[in-house]
K.L.:
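Take a look at the following structure, please.
For ligands, and for the atoms within them, numbers begin at 1 and follow the listed sequence.
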Amino acid sequence: MRQISRRDALIVGGLGTAATVAGAAGLWWSLTSPQQPAGVGGGAAPVQGAELRGPAELRSADGLLQLTLDAAPGGVELGGRRASALCYNGTVPGPTLRLRPGDELSVRLENGLTAPTNLHLHGMHVSPEADADNVFRTVLPGQGFDYRYRLPPDHPPGVYWYHPHHHGMVADQIFAGLFGAIIVEDPEAIPVSTERVLLVSDTTLDSAGNIAAVSPMERMAGREGELLLLNGQSNPLLTSAPGARERWRIINTCVARYARLRLDGQQLQLLGMDSGRSPEPETVDELLLAPGNRADLLVTAAAGEAVLQALRYDRGAMPGMMGRGPVRAGGASALATFRVIGSTAIPTDAVTPGAATSRPAQEDLRTAAVAARRQLVLSMGAGLRGGGGGMGGMMRFTINGREYSEARTDTTVTAGTVEEWALVNTSPMDHPFHLHVWPMQLIDDNGRAAGSVVMRDVVNVPANGRATVRIAFRDFSGRSVYHCHILDHEDLGMMGVIEVR
Ligand SMILES: [Cu+2]
């Protein structure tokens with residue numbers, strides 16, 4: 001492995017502080033989520049405590065949602081500071097799309113950026129081909145493209161999201177603001193007093209309000225921004241009344257940051273994660289959302305003020321580093337403040353827990369006939385990326401020893417079959433594994449067998465650990481991808497091509 005330059009070492013994981021450097025390569029740093037600094041990027045502290053804003057909502061009617069998404073630079077407020085970001089339709093996050101199973105979604109994507117882009121519907125069970133969820137398509141600057149997606153009539157309801165997926169630029173474009181929520185509505189609405197769409201993101205602004213560039217070291221670690229944001233705001237205020245039952249749709253859109261969430265003093269019930277549904281609401285104290293994961297949560301409000309905390313999560317350390325750095329003080333960052341005031345005004349019979357329990361039964365692949373078993377090994381290694389041209393000093397990020405190549409098909413699957421994949425992580429960092437189009441059922445999570453049907457489209461594979469999933473390759477055929485959802489790792493090559501035929 002080539003030595004890491006001191007310059008690289010000084011720009012570390014979103015801390016903005018110098019790492020311990022003992023000789024050029026004697027560097028170590030923790031990938032624990034950093035505490036949100038009080039003031040960043042030129043000394044201006046993020047403005048906190050404003051009332052939460054929600055993105056604009058666009059809803060399908062008569063089975064169709066038709067819209068234009070303009071991806072372009074724009075001036076927005078991030079954490080209360082003026083920022084030059086990348087926006088969909090002028091905002092960060094972009095508009096929320098509300099769809100129903102069986103709908104058609106028609107999106108005209110206009111590329112007003114200076115770089116190529118495209119569009120991916122994360123977690124959606126739609127075709128990966130032609131003008132649908134085709135990540136191999138490129139939309140050049142100044143050009144547009146008409147995407148058309150048809151949701152199957154039995155598409156799972158839940159929380160999804162959209163973002164660019166042009167290989168090599170995914171992390172930069174999402175870090176700069178290109179993401180938005182998709183809600184696929186339940187067949188029968190769950191009665192709640194308030195529904196909130198909450199997009200967790202992070203980014204770093206320089207003193208001029210531009211999105212900060214990141215170093216090769218930050219890319220290898222997976223960048224974590226200095227500003228932790230909820231709907232583009234820093235620690236916004238959510239107000240509610242005692243007894244209110246709220247539905248929170250939480251999306252972790254961060255490039256690399258794990259969201260380990262708590263809301264102490266309030267009752268939380270998990271309806272589902274990703275496209276997976278709990279058979280009945282599951283009481284939880286804490287939620288871990290890897291990058292890309294979503295939670296569908298019921299919050300029953302109790303009087304008082306609670307802080308939605310993002311706790312530190314240790315996702316491992318870079319390989320090949322020596323010694324241990326200092327343990328940093330501090331713990332959680334405040335993602336939002338939940339203020340519950342006033343008198344109980346919610347008719348409790350309208351929000352009985354039973355009203356949320358009638359979930360459609362999910363198929364259980366644990367008893368399915370398995371047509372093929374595969375092993376996918378996620379590795380980080382010394383050695384020069386792509387022969388070393390231009391990216392000297394970068395570690396290799398591979399799946400089964402290979403870096404991503406669009407031209408190569410890594411995995412060929414027979415349409416209609418069920419496969420079992422062992423996801424093996426030989427590196428000392430966690431990698432959240434994402435498969436497009438076809439949801440994964442978690443069978444074994446690092447030695448713990450799943451006790452129920454757990455459907456995910458992002459499965460965290462812990463450092464030096466493993467996970468086993470089963471996948472039903474139903475409904476759609478075509479070429480698509482799987483990859484690490486630390487999007488810097490994806491851009492660096494930790495992605496493979498699957499063809500279902
Ligand atoms: Cu990774």
K.L.:
Does Arg374 have more than 12 heavy atoms from other residues, nucleotides or ligands lying within 6.0 Å of its CZ?
P.N.:
yes
K.L.:
Is there side-chain contact between Phe175 and Leu86, with at least one heavy-atom pair below 4.5 Å?
P.N.:
no
K.L.:
For the Cu ion (ligand 1), state how many protein N, O or S atoms fall inside a distance shorter than 2.8 Å.
P.N.:
3
K.L.:
Any side-chain heavy atom of His155 sitting closer than 4.5 Å to one from Leu99?
P.N.:
no
K.L.:
Look at Asp314 together with Arg260 and state whether they make a salt bridge at an N to O cut-off of under 4.0 Å.
P.N.:
no
K.L.:
May I ask you to decide whether Arg402 forms a salt bridge with Asp410, counting only side-chain N to carboxylate O separations under 4.0 Å?
P.N.:
yes
K.L.:
Would you tabulate the side-chain donor-acceptor contacts of residues 461-472 under 3.5 Å, counting partners in other chains and residues two or more places apart, or write 'none'?
P.N.:
| residue | atom | partner | partner atom | Å |
| --- | --- | --- | --- | --- |
| Arg470 | NE | Glu420 | OE1 | 2.7 |
| Arg470 | NH1 | Leu365 | O | 2.9 |
| Arg470 | NH1 | Arg366 | O | 3.1 |
| Arg470 | NH2 | Glu420 | OE1 | 2.9 |

